[in-house]
Amino acid sequence: MAFCQKCGTQIPTGSQFCPKCGARNSESDFSSGSAGASTGLKIVSFLFPLIGWILYFVYKDDQPVKAGDCAKFAWIGFCVGFVLGFISGLAG
């Protein structure tokens, strides 16, 4: 099964259009679920969580998989920064 690049809905094999948003099913518009964020966007989201959350809101309607990746790495970056800050505060 493929996933809609626009809305993330599963597309039945052989279907020409997305059943949810109506987008055309073509090789360039649909993928098998691997249409996530690039490595660069993941690194930026991790290092600067605020930017990752902004990217989430930018991509959430058109590319939900990419938006989810940005938000996930933003949360991971935020948590790692919080833990490192806490440990640094205890050590100093």
Side-chain angles (χ1 to χ4, degrees):
M1 285 232 151
F3 293 86
C4 176
Q5 181 67 14
K6 187 171 181 180
C7 71
T9 301
Q10 271 191 325
I11 306 296
T13 304
S15 179
Q16 292 185 1
F17 298 97
C18 172
K20 182 176 180 184
C21 70
R24 187 167 195 64
N25 183 2
S26 68
E27 292 294 324
S28 62
D29 294 331
F30 289 77
S31 69
S32 59
S34 61
S38 67
T39 303
L41 283 178
K42 290 177 182 178
I43 291 171
V44 168
S45 296
F46 177 78
L47 295 176
F48 305 101
L50 181 60
I51 293 174
W53 290 319
I54 290 170
L55 289 171
Y56 166 77
F57 286 107
V58 168
Y59 291 124
K60 73 175 185 165
D61 293 328
D62 296 330
Q63 300 174 11
V65 176
K66 184 184 282 189
D69 284 350
C70 290
K72 177 174 67 175
F73 278 87
W75 277 112
I76 292 169
F78 175 79
C79 292
V80 168
F82 182 80
V83 170
L84 291 176
F86 184 75
I87 291 171
S88 174
L90 290 177

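All figures in this text were calculated on a predicted structure; none of them were measured in a lab.
Across every non-hydrogen atom of K42 and A37, the tightest pair is CE-O, 3.3 Å. For the pair Y56 and C70, the tightest heavy-atom approach, listed with the atom from each and the gap, is N-CB, 4.3 Å. Closest heavy-atom contact between P64 and G8: CG-N, 3.6 Å. I11 and C4 make their closest contact through CG1-N, 3.7 Å (heavy atoms, listed as atom of the first residue, atom of the second, distance). Listed here is the closest heavy atom pair of C7 and C21: SG-SG, 3.8 Å.
A single hydrophobic cluster is seen to contain both L47 and V80, as judged by linkage of ILVMFWY side chains at heavy-atom distances under 4.5 Å, directly or through other members. Hydrophobic clustering (ILVMFWY, side-chain heavy atoms < 4.5 Å, transitive): I76 and V44 are in one cluster. In the hydrophobic clustering of this structure, I43 groups with I51; members are Ile, Leu, Val, Met, Phe, Trp, Tyr whose side-chain heavy atoms approach within less than 4.5 Å, directly or through other members. Hydrophobic clustering, with ILVMFWY side chains joined whenever heavy atoms are under 4.5 angstrom apart, groups L84 together with F48.
Side-chain contact between F73 and L55: absent, with no pair of heavy atoms (C-beta onward) separated by less than 4.5 Å.
Just one of V65, D69, L41 meets the side-chain contact (heavy atoms from CB on, under 4.5 Å) condition when paired with Y59; it is L41.
Ring planes of F86 and F82: parallel class, angle under 30° (limits at 30 and 60°).
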